[in-house]
Amino acid sequence: MIKQIVQRVAENSSCLFERLESDFEDYSFYVARDPNYQRFLVVLETDQLSAPSELNEQVQACTPPILLGTPSFAKNTDLVILFKLGSLTELKQYEHNIFDIEENAYSLKKHLLYYTSTELEQLNEYLELGGTLYELLANSDAFNRYKQNPTEETAFSLACRLYIKLPFLAVPAQEAILTSANELAEQLLSEAQLLPFLNSIEQKLGDGHTCQEIMEVLINEQMED
C-alpha cells in the first residue's frame, strides 16, 4: 500500500516519473519523463535496515542494465527506503541506523521513509475518499493538532514525512491575504489608545503647522501635565 502511494506521488510530481519493469519485487525503479529533469528514483520496501555499503551493493545488483548504462544514473539517483515501525515510539531505537544510511554519500542519495500501519491506513482512507496531499497539508486544524502532539500517528504525520523524505516534492505554498501596513498601524494605534493622538497631529499638519511647531506644542502639553 505504501509503495502504491509513493508511486502515485512520483508519477504526478513535476518530474513525471515513469516506473520501469523489474524482476525484483522489493525494488521499484523510476525514470523522470520530463525532459527538464535528469533524475532517477529507486524505491525499496524492507523490514530490516542494512548497512549503507550493503544497500549500495544490493541496488547495484538489482538495477536494470538500461539504467546502469546511463551515465547520469550514478549521480542523479535517489534511493527511498520504506520501513514500517510498530509504532512511532520505536523510532528512537533506529535513529542511529537511519543517520548512518542517510548521511552516507557514497553511490546513492538515501532517504528513509518510516511509517506505521495506523498512519498508512488513515492516509489511504483519506485518499480513497477523494482527498489530496495538498489539501491535507493545507489543513490548519490538522497542522495545529500535529504541532501539539507530533508523535500521534495520523494521516497528516505521514503526509508531512512524504514531503520531507521524497526529495522531488516541494511543500505546497498557500497564498494568504495580507493586511496592509496602514491598516495594521491603525489597528495597533487603536489598541494602544493612541489613534486620537495621531489624528490630532494629522489635523495640525493639515492646518498648515510645521513639524517643528507641532513638536513644540506637544512638548509644552507634556510639561503642563
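Everything numeric in this text was worked out from a predicted model, so none of it was measured. Keep in mind that the numbers below use all heavy atoms, side chains included, and drop hydrogens, waters and symmetry copies.
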Looking only at non-hydrogen atoms, find the nearest pair between [X] and [Y] and report the distance.
| X | Y | result |
| --- | --- | --- |
| Tyr30 | Val43 | CE1-CG2, 3.9 Å |
| Glu135 | Gly130 | OE1-O, 4.3 Å |
| Gly69 | Pro71 | O-CD, 3.5 Å |
| Ser50 | Ile101 | O-CD1, 3.6 Å |

Only counting residues at least two apart or in another chain, list the ones meeting side chain to side chain contact (heavy atoms under 4.5 Å, CB included) with [X].
| X | result |
| --- | --- |
| Asn149 | Thr151, Glu152 |
| Ala51 | Ser53, Glu54 |
| Leu91 | Leu85, Glu95, Ile98, Tyr114 |

(message) If hydrophobic clusters are built from ILVMFWY residues whose side chains come within less than 4.5 Å, do Leu88 and Tyr163 share one?
(response)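 No, Leu88 does not connect to Tyr163 through the hydrophobic network.
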Atom [atom1] of [X] and atom [atom2] of [Y]: how far apart are they, to the nearest 0.5 Å?
| X | Y | atom1 | atom2 | value |
| --- | --- | --- | --- | --- |
| Leu79 | Phe29 | CG | CZ | 9.0 Å |
| Phe156 | Leu123 | CZ | CG | 11.5 Å |
| Leu41 | His111 | CG | NE2 | 8.5 Å |
| Cys160 | Leu136 | SG | CG | 7.5 Å |
| Ile2 | Leu158 | CD1 | CG | 5.0 Å |
| Ile164 | Leu162 | CD1 | CG | 9.5 Å |

Under 3.5 Å, side chain of [X] to main-chain N/O of [Y], donor-acceptor pair present?
| X | Y | answer |
| --- | --- | --- |
| Thr70 | Ser72 | no |
| Gln60 | Asn56 | no |
| Ser157 | Glu153 | no |
| Asn144 | Ser140 | yes |

What pairs meet the salt bridge (charged side-chain N to carboxylate O under 4.0 Å, His left out) rule with one or both residues in [range], with sequence neighbours excluded?
| range | value |
| --- | --- |
| residues 56-77 | none |
| residues 102-119 | Glu102-Lys165, Glu119-Arg161 |
| residues 34-49 | Arg39-Asp78 |

(request) Could you walk me through whether Val42 and Thr77 pass side-chain contact (heavy atoms from CB on, under 4.5 Å), step by step? (result) CA-CA 7 Å; Val42 181; Thr77 299; 3.7 Å; yes
Identify, with sequence neighbours excluded, every residue that meets side-chain hydrogen bond (donor to acceptor under 3.5 Å, both in side chains) alongside [X].
| X | value |
| --- | --- |
| Asn124 | Glu128 |
| Thr89 | Ser87 |
| Glu125 | none |
| Asn97 | none |

(message) Given Leu55, which partner from the list Leu44, Leu49, Leu108 fulfils the side chain to side chain contact (heavy atoms under 4.5 Å, CB included) test?
(response)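 By the side chain to side chain contact (heavy atoms under 4.5 Å, CB included) criterion, Leu55 pairs with just one of Leu44, Leu49, Leu108: Leu44.
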(request) In sequence, state the C-alpha distance, the side-chain angles, and the governing distance for Leu133 and Leu169, and then conclude on side-chain contact (heavy atoms from CB on, under 4.5 Å). (result) CA-CA 11 Å; Leu133 292 176; Leu169 294 182; 5.5 Å; no
(request) Decide yes or no for Val80 and Leu166: does some side-chain heavy atom of the first lie under 4.5 Å from some side-chain heavy atom of the second? (result)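 They are in side-chain contact.
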(request) Find out whether Lys84 and Leu120 are in side-chain contact, i.e. whether some heavy atom of one side chain is under 4.5 Å from a heavy atom of the other. (result)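 No; the side chains remain at least 4.5 Å from each other.
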(message) Can you confirm whether more than 12 heavy atoms, excluding those of Gln93, are under 6.0 Å from its CD atom?
(response)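 Yes, CD of Gln93 has more than 12 neighbouring heavy atoms, counting only those of other groups under 6.0 Å.
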(request) Scan for ring-ring contact (aromatic ring centres under 6.0 Å, His included) pairs involving residues 41-91, sequence neighbours excluded, and state none if there are none. (result)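 Applying ring-ring contact (aromatic ring centres under 6.0 Å, His included) to every pair that reaches into residues 41-91, excluding sequence neighbours, yields Phe40-Phe73, Phe83-Tyr94.
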(request) Kindly assign one of parallel, tilted or perpendicular to the pair Phe24 and Tyr27, based on the angle between their ring planes and the thresholds 30° and 60°. (result)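 Judged by the thresholds at 30° and 60°, the geometry between Phe24 and Tyr27 is perpendicular.
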Validation: residues 4-19 side-chain donor-acceptor distances under 3.5 Å, sequence neighbours left out:
| residue | atom | partner | partner atom | Å |
| --- | --- | --- | --- | --- |
| Gln4 | OE1 | Met1 | N | 2.8 |
| Gln7 | OE1 | Arg19 | NH1 | 3.3 |
| Gln7 | NE2 | Glu11 | OE2 | 3.0 |
| Asn12 | ND2 | Arg8 | O | 2.9 |
| Ser13 | OG | Ala10 | O | 2.8 |
| Ser13 | OG | Cys15 | N | 3.3 |
| Ser14 | OG | Tyr37 | OH | 3.4 |
| Arg19 | NH2 | Ser28 | OG | 3.4 |

